[in-house]
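Ligands are counted one by one from 1 in listed order, and the atoms in each one are counted from 1 as well. All residue numbers refer to positions in the sequence shown, counting from 1.
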Amino acid sequence: MYPFMGQFKCYKILTVGLVFLVWIIYLQMFWPDSITYRPPGPRPVSKFASSFMEPSFLLDSLPQVLSNLTSLLYWPPTPGDGAKLLASTSPQTSTYHLKGPTQASYTLGGYLEAVLVARDHWGRPKTHGGDLFRAQLLGLELKAGVPGDVQDLENGTYHLSFPLLWAGRAQVQVRLVHSSEAVGVLRRIWREKRATVDFRGYFRGIQGHEETVICNIDPQSTGAKRSTCQYKDAVSGELWFCAQPPTLPCDSLVGHSSGSYLKVTTRHDEDLLAWNVTDKLLSQGISPILVRPAAPINTSLALSPRPPCRPGLLAPKPSGFYHQNVWHSLACSSRSFPTTDSILGCLAGRIVHMMGDSTLRQWWEYLRDTVPSLKPVNLHVTYQVGPLMAVDTTRGIVLHWRAHSWPLRSLRTPVASLHSVVRELAGLAGGPHTVVVLGLGAHFTTFPPSIFVRRLAGIRAAVTALLAREPSTLVVIKLANTGYKSVYGSDWFTLQVNRLLRAAFSGLRVAFVDAWEMTSSLALPDNIHPGKLIVRNEVDLLLSFICPT
Ligand SMILES: *[C@@H]1O[C@H](CO)[C@@H](O)[C@H](O)[C@H]1NC(C)=O
Ligand SMILES: *[C@@H]1O[C@H](CO)[C@@H](O)[C@H](O)[C@H]1NC(C)=O
Ligand SMILES: *[C@@H]1O[C@H](CO)[C@@H](O)[C@H](O)[C@H]1NC(C)=O
Ligand SMILES: *[C@@H]1O[C@H](CO)[C@@H](O)[C@H](O)[C@H]1NC(C)=O
């Protein structure tokens with residue numbers, strides 16, 4: 001027996017066929033074809049949420065909030081599968097204009113409204129929606145910005161709305177991230193592919209002999225010819241599969257790493273997702289505007305009194321904006337922590353457990369790099385998955401980070417270091433000095449949404465239990481940020497993943513850091529690993545929840 005497999009129960013499965021069949025039924029049930037091809041009109045009604053016999057080893061009961069995927073992931077359909085590139089939405093011919101007459105100036109606290117008309121490469125207006133546009137209002141001189149709301153009217157026109165939150169100059173900017181036809185490709189991938197990446201599993205025998213195989217989230221995607229090894233997390237029940245190694249037993253799995261990106265697109269798909277039509281700026285449709293304070297009050301920001309930051313607050317849309325490179329939450333009175341003393345004063349006596357992906361590791365790294373007295377203690381750990389720890393023994397601060405478990409893409413890492421988030425949460429006592437930060441999503445875009453839904457259902461249950469044990473525990477959820485622009489990760493996938501994250505934690509006393517909005521409000525290029533300016537603001541919002549006053 002290999003002691004390092006203690007956290008997993010592993011089984012050898014000979015009847016791959018049966019598992020595969022069950023898996024197919026499961027996937028179809030959660031991502032039925034019918035939702036994509038419905039004609040435009042009222043939002044489709046879920047027919048599958050509760051009435052199915054669920055294979056219980058794959059799916060314990062989903063919480064109500066996550067059961068209605070049809071409604072959660074609703075996106076206007078793209079008719080005519082296989083649209084030609086020329087008939088797809090073009091960033092060059094699509095235009096936008098002010099909804100009303102031009103005004104000499106606008107009033108702080110009001111709105112700017114605009115209409116966007118999507119057109120194809122021939123210049124013909126589109127007659128259906130589904131394009132992914134991103135709109136911003138920018139105040140370049142004031143280092144200000146806010147995401148605009150883009151409402152898809154599903155007939156080729158879009159309503160844009162921007163809150164006017166700072167006094168001074170402001171400029172609308174709109175980008176076409178993906179045409180509806182390109183979204184159609186992404187949606188087809190989510191519906192038809194079990195996985196668009198694979199992984200490697202490294203097995204080691206008693207004498208040090210190693211064997212490497214393909215692993216994945218379902219048995220079929222391991223490419224196994226005969227049997228597979230199944231790993232079931234002892235606490236969370238999460239599953240992982242590897243092809244059976246040629247000679248070594250299933251319980252000799254010691255290492256994990258990313259594998260290959262699988263080919264999932266045709267030539268035609270690639271045209272639709274080509275760089276010169278993805279994430280392209282539309283030409284300026286609205287001249288810069290001037291926003292003036294509403295007399296007689298002379299303030300530069302439209303910030304009404306807000307409650308101190310605490311978990312469980314409802315998120316307004318947008319959830320905040322930048323001014324002078326500082327993010328101001330519209331949900332609560334977020335604070336800045338400009339000095340190391342202010343950060344230390346806030347963190348004193350706390351133990352912070354961060355679990356997630358590398359975008360959350362950036363928070364840990366920011367604090368380590370910004371606060372000299374926070375000393376990283378495990379300098380010898382070079383694994384991308386952690387665990388990482390930094391401490392300030394004088395002030396009693398402990399800062400943990402560790403990667404979420406499979407399906408993490410990483411360099412080779414010990415399997416024993418991959419802990420499921422659910423298992424980690426189950427091991428926390430919680431309390432007023434405990435802060436839990438979760439940041440998942442970016443590694444789930446390469447699988448159908450049902451995979452992430454099932455993971456979230458387990459995490460929601462674990463968070464619910466933690467808050468029941470110790471209601472004073474602070475739980476903060478970092479949403480996934482913008483940046484991906486490929487068929488493996490795309491902003492469209494991320495947007496959907498964020499809808500699932502919001503839904504999964506709805507109704508719980510948790511706080512959200514909307515990293516999506518925080519990375520799409522300034523005139524900065526998207527980056528899956530955002531720069532220090534953004535990370536500082538994300539961490540300041542976390543600290544605002546830890547130290548609201
Ligand atoms: C799913 O959501 C849609 C739209 O909100 C709603 O009309 C429908 O009743 C929901 N279905 C279930 C089973 O809750
Ligand atoms: C699109 O729909 C909106 C809202 O129903 C309507 O006001 C607008 O006139 C429509 N535009 C076109 C081009 O059909
Ligand atoms: C995109 O680039 C390809 C190859 O360079 C070119 O043939 C095509 O016309 C371009 N499309 C647009 C919309 O610019
Ligand atoms: C309003 O405040 C700005 C600086 O905040 C100042 O420059 C300006 O003179 C003030 N305007 C009035 C009318 O008080």
field: Shortest non-hydrogen contact between Arg134 and Asp491, atoms and distance
entry: NH1-OD2, 2.9 Å

- prompt: Tell me the ring-ring contact (aromatic ring centres under 6.0 Å, His included) pairs involving residues 308-336, sequence neighbours left out?
  reply: Phe321-His328, Tyr322-Trp327

field: Check: Leu330 main-chain N/O paired with Arg306 side-chain donor or acceptor under 3.5 Å
entry: no

- prompt: Which residue pairs pass the ring-ring contact (aromatic ring centres under 6.0 Å, His included) test when at least one of the two sits in residues 138-186, sequence neighbours left out?
  reply: Phe133-Tyr158

message: Heavy-atom contacts with ligand 2 below 4.0 Å: which residues, ordered by chain and residue number?
response: Leu153, Asn155, Thr157

task: Applying salt bridge (charged side-chain N to carboxylate O under 4.0 Å, His left out), name anything that partners Glu270, two or more places apart in sequence or on another chain.
output: Lys263

task: Have a look at Thr89 and tell me which of Leu272, Leu176, Thr78 forms a side chain to side chain contact (heavy atoms under 4.5 Å, CB included) with it.
output: Leu176

